[in-house]
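Order of appearance sets the numbers: ligands from 1, and atoms from 1 within every ligand. Count residues from 1 along the sequence. Below, each value reflects all heavy atoms present in this structure, side chains not excepted, and no hydrogens, waters or symmetry copies.
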Amino acid sequence: MSIKYTENEIKKYLKQNLPPGKYRHTLGVTAMSLDLAKRYGVDLKKAVLAGLLHDAGKDLNRSKKYFKYIKLDPFEKKIRPLWHNKLGAVIAVKVFGVKDKAVLSAIRKHSTADNNMSALDKIIYIADSAEKNRKFKGVDGIRRAAKKDLTLGFVAALAKKINYVLEGGKTIHPKSISAWNRYIR
Ligand SMILES: [Fe+2]
Ligand SMILES: [Fe+2]
């Protein structure tokens, strides 16, 4: 995989384009993704790149100019917090010239998941949920599960997310449900 930007250049962009808390979260996700990639034999560069860029589209105001490149499904249209997934992948392509399909997939799937998760997809999903700045009850359980088994960690993170959405009385994206039904054992 070749990428014309260094890690530091990407970080500089993110620092300028994300709120400070989101930038800190991004560094946490990147660090945890790298750890998990080492543990599970996943390409380290891809893990770092996907970790860094997963929330690149998070600031919807700043990402406005990329709206025209994404097509939201009917559920995504109703769930604003999901817009940044596809936006992040567009920014990875347009701003940083990322062509790697595995990296773009992990960025796109990092909040809904789906019924076909690669090891890298699972890593980014878990790290997004359980990086070191996350404090919610049960986060340690996700971290422990992820050390034992990648799919176990993914399912633990997915369960937490689905519960959270349910408790908030919000719409669950069908991809999250199909991920659950595929990976629960
Ligand atoms: Fe995100
Ligand atoms: Fe995130």
Side-chain angles (χ1 to χ4, degrees), residues 7 10-11 13-37 42 46-64 66-67 69-73 75-96 98 102-114 117-136 138-140 142-143 146 150 153-165 168 170-176 179:
E7 206 178 307
I10 297 174
K11 283 182 184 165
Y13 172 93
L14 294 170
K15 208 170 185 177
Q16 284 166 353
N17 285 282
L18 290 175
K22 270 294 148 196
Y23 180 68
R24 216 176 310 123
H25 160 71
T26 290
L27 297 184
V29 170
T30 305
M32 188 172 183
S33 300
L34 182 60
D35 270 4
L36 290 172
V42 167
K46 292 186 190 194
V48 167
L49 191 58
L52 282 174
L53 290 176
H54 85 285
D55 272 343
K58 192 71 184 178
D59 187 324
L60 293 181
N61 246 337
R62 288 174 193 265
S63 307
K64 258 190 192 131
Y66 300 107
F67 278 19
Y69 299 108
I70 62 168
K71 197 166 162 22
L72 297 172
D73 67 39
F75 286 91
E76 287 168 335
K77 276 186 189 151
K78 284 197 291 186
I79 312 170
R80 260 177 91 89
L82 297 183
W83 296 3
H84 77 285
N85 303 326
K86 287 176 177 171
L87 285 170
V90 167
I91 290 168
V93 173
K94 301 269 175 205
V95 179
F96 297 104
V98 176
V103 170
L104 297 174
S105 162
I107 296 171
R108 280 193 208 102
K109 294 175 186 172
H110 86 265
S111 0
T112 58
D114 78 10
M117 298 287 283
S118 70
L120 182 63
D121 293 337
K122 290 174 191 164
I123 284 175
I124 299 299
Y125 191 93
I126 294 167
D128 184 45
S129 159
E131 54 93 3
K132 67 176 187 325
N133 301 293
R134 298 286 203 199
K135 305 281 186 230
F136 58 86
V139 69
D140 276 328
I142 298 173
R143 291 172 186 146
L150 192 57
F154 164 64
V155 169
L158 183 62
K160 198 76 205 170
K161 170 79 78 61
I162 290 175
N163 267 317
Y164 176 80
V165 177
K170 304 252 171 68
T171 306
I172 299 178
H173 196 288
K175 283 182 177 172
S176 306

Electrostatic pair Arg108:Asp121 at N-O distance under 4.0 angstrom: no

If you define the side chain from C-beta out and look only at heavy atoms, does anything of Asn85 sit under 4.5 Å from Ile70? no

Can you see which heavy atom on Gly51 is nearest to which on Ser33, and at what distance? CA-OG, 4.3 Å

Is the charged tip of Lys94 near the ring of Tyr69: under 6.0 Å from the six-membered ring centre and within 45° of its axis? yes

Check: Lys58 main-chain N/O paired with Asp55 side-chain donor or acceptor under 3.5 Å: no

Name all residues meeting the salt bridge (charged side-chain N to carboxylate O under 4.0 Å, His left out) criterion together with Lys86; count only those two or more places apart in sequence or in a different chain, and write none if there are none. Glu76

Return all protein N, O or S atoms below 2.8 Å from the Fe ion (ligand 2), chain by chain in residue order. His25 NE2, His54 NE2, Asp55 OD2, Asp128 OD1

